[in-house]
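Taking it in order: structure first as structure tokens, then the write-up.
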Amino acid sequence: MSALAFQHKAVNLGQGFPDFACDPALVDHVTQAMQAGHNQYPPMPGVPQFRQAIAEKMQALYGRTYSAADEITITAGATQAIITAILATVHPGDEVIVLEPCYDSYVPNIELAGGTAVRVPLTPGTFRPDFDAIAAAIGTKTRAIIINTPHNPSATVWSSQDMLRLQDLLAPTNILLISDEVYEHMVFDGAQHESVARYAGLAERSFIVSSFGKTYHVTGWKVGFVAAPAALMAEFRKVHQYNVFTVNTPVQYALTAYMADPAPYRDLSAFYQRKRDLFRAGLSKTRLRLLPSEGSYFQCVDISQVSDLGEADFCKWLTSEIGVAAIPLSAFYGNGFDQRVVRFCFAKQDATLHAALERLQAL
Ligand SMILES: Cc1ncc(COP(=O)(O)O)c(C=O)c1O
């Protein structure tokens with residue numbers, strides 16, 4: 001869709017990345033780290049001070065203690081953290097439950113490890129987890145389940161009740177949990193992010209994954225981390241050592257310095273909520289039907305009052321004829337399930353959002 005958007009000079013609300021700059025202070029920290037000589041390999045799990053800062057933040061926000069030495073590893077983005085967790089724990093013949101629609105790397109990662117993805121749909125229409133369907137999918141071969149909150153693409157956020165139900169469901173099992181929390185600092189309307197770290201019965205079996213790219217508007221830097229109990233982390237590091245080994249040193253020092261101030265991540269929900277509200281107010285003047293956006297930087301809409309086209313054809317038409325790029329939700333399902341819903345990304349300058357809304361109001 002980005003290539004098509006470029007070809008038609010469309011406003012690109014398709015791919016999920018900000019079109020505005022990060023805080024210049026963050027870039028200054030990188031320069032300073034390079035000038036201070038932090039340019040060689042860091043220790044395999046990451047710069048110790050950086051892991052310590054992450055452990056302290058998780059303690060402050062979610063009330064769980066992770067050992068910086070043994071339970072936190074810096075990764076080349078969340079994507080590498082997820083594949084490494086899968087390669088470390090999933091073996092040929094194992095099954096891994098994914099909740100569709102889901103981020104596109106999960107299923108290929110499972111298959112690369114020799115496992116089988118068991119796809120359980122989130123409830124169509126609401127995208128809430130269907131715990132009866134998840135329970136029905138659990139069998140003797142189930143090795144792990146992957147969850148994601150706030151959720152890409154649906155913008156739903158799991159509640160405390162959801163987490164407790166998952167905890168009850170997994171309690172009698174040895175099933176591992178990979179919790180993709182890359183949008184942890186984008187939760188709206190006063191709700192809180194329900195990190196798996198808040199739930200002892202989940203945390204003890206979980207790899208928690210996050211990404212600085214989302215939090216600090218630097219998706220191209222590809223730096224993230226994983227937190228897990230020591231025994232799981234030991235397995236993770238056996239794979240990490242031989243796929244990436246280490247992650248960009250000066251950026252780790254820069255992020256350590258920048259994290260000393262909690263304001264940028266503390267204020268991120270309000271920052272994106274204002275953009276969400278601006279975008280929704282404009283969309284409400286169209287015949288696109290707004291779905292809730294509880295977290296992340298995505299807004300889904302139902303297209304059925306505007307067009308008879310399927311999602312993918314609608315997105316091509318919207319890009320080429322109306323000049324706004326969106327992503328079909330069917331792209332996030334293995335079987336291409338088409339529910340006439342498309343996703344916009346509102347991590348854009350206000351001017352970009354206004355330009356898109358002006359075009360969409362012609363619908
Ligand atoms: C749900 C989800 N997980 C993981 C990622 C990847 O994060 P990173 O860029 O840190 O690899 C994304 C990026 O779009 C995402 O939406």
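We number each residue from 1, following the sequence as shown. Numbering of ligands and ligand atoms starts at 1, following listing order.
For Tyr258 and Phe212, the ring centers are positioned 6.0 Å apart or more. Taking the ring centroids of Tyr183 and Tyr297, they lie under the 6.0 Å cut-off.
Every N/O-N/O distance between Asn148 and ligand 1 stays at or above 3.5 Å. For a threshold of 3.5 Å applied to N or O pairs, the pair formed by Asn152 and ligand 1 contains at least one separation below that value. Between Ala78 and ligand 1, at least one pair of N/O atoms sits closer than 3.5 Å. The N/O atoms of Thr79, backbone and side chain alike, include one that comes under 3.5 Å of an N/O atom in ligand 1.
Shortest contact from atom 10 (O) of ligand 1 to any protein heavy atom: Ser211 OG, 2.6 Å. Atom 3 (N) of ligand 1 has its closest protein heavy atom at Asp180 OD2, 2.6 Å. The nearest protein atom to atom 5 (C) of ligand 1, hydrogens excluded, is given as Tyr103 CZ, 3.4 Å; this is a heavy-atom distance. Closest to atom 16 (O) of ligand 1, if we only count protein heavy atoms, is Tyr183 OH, 2.6 Å. Considering only non-hydrogen protein atoms, atom 14 (O) of ligand 1 sits nearest to Lys214 NZ, 2.7 Å. Among all protein heavy atoms, the one lying closest to atom 9 (O) of ligand 1 is Lys222 NZ, 3.1 Å.
In this structure, His38 and Tyr253 have parallel ring planes: the angle between them is below the 30° cut-off, well short of the 60° mark. In this pair, Phe236 and Phe207 present their aromatic rings tilted. The plane angle is within the 30 to 60° band. Relative ring orientation between Phe271 and Phe20 is described as perpendicular, the plane-to-plane angle rising above 60° on a 0-90° scale split at 30° and 60°.
A donor-acceptor pair under 3.5 Å is formed between the side chain of Ser211 and the backbone N or O of Gly213.
Here the shortest heavy-atom pairing between Cys22 and Val27 reads SG-CG2, 3.7 Å.
Just one residue in the list Ser330, Pro124, Cys300 forms a side chain to side chain contact (heavy atoms under 4.5 Å, CB included) with Gln339, and that residue is Pro124.
Taking every non-hydrogen atom of Gly77 and a distance limit under 4.0 Å, the qualifying atoms of ligand 1 come out as 10 (O), 11 (O).
Of the heavy atoms in Gln80, none comes closer than 4.0 Å to ligand 1.
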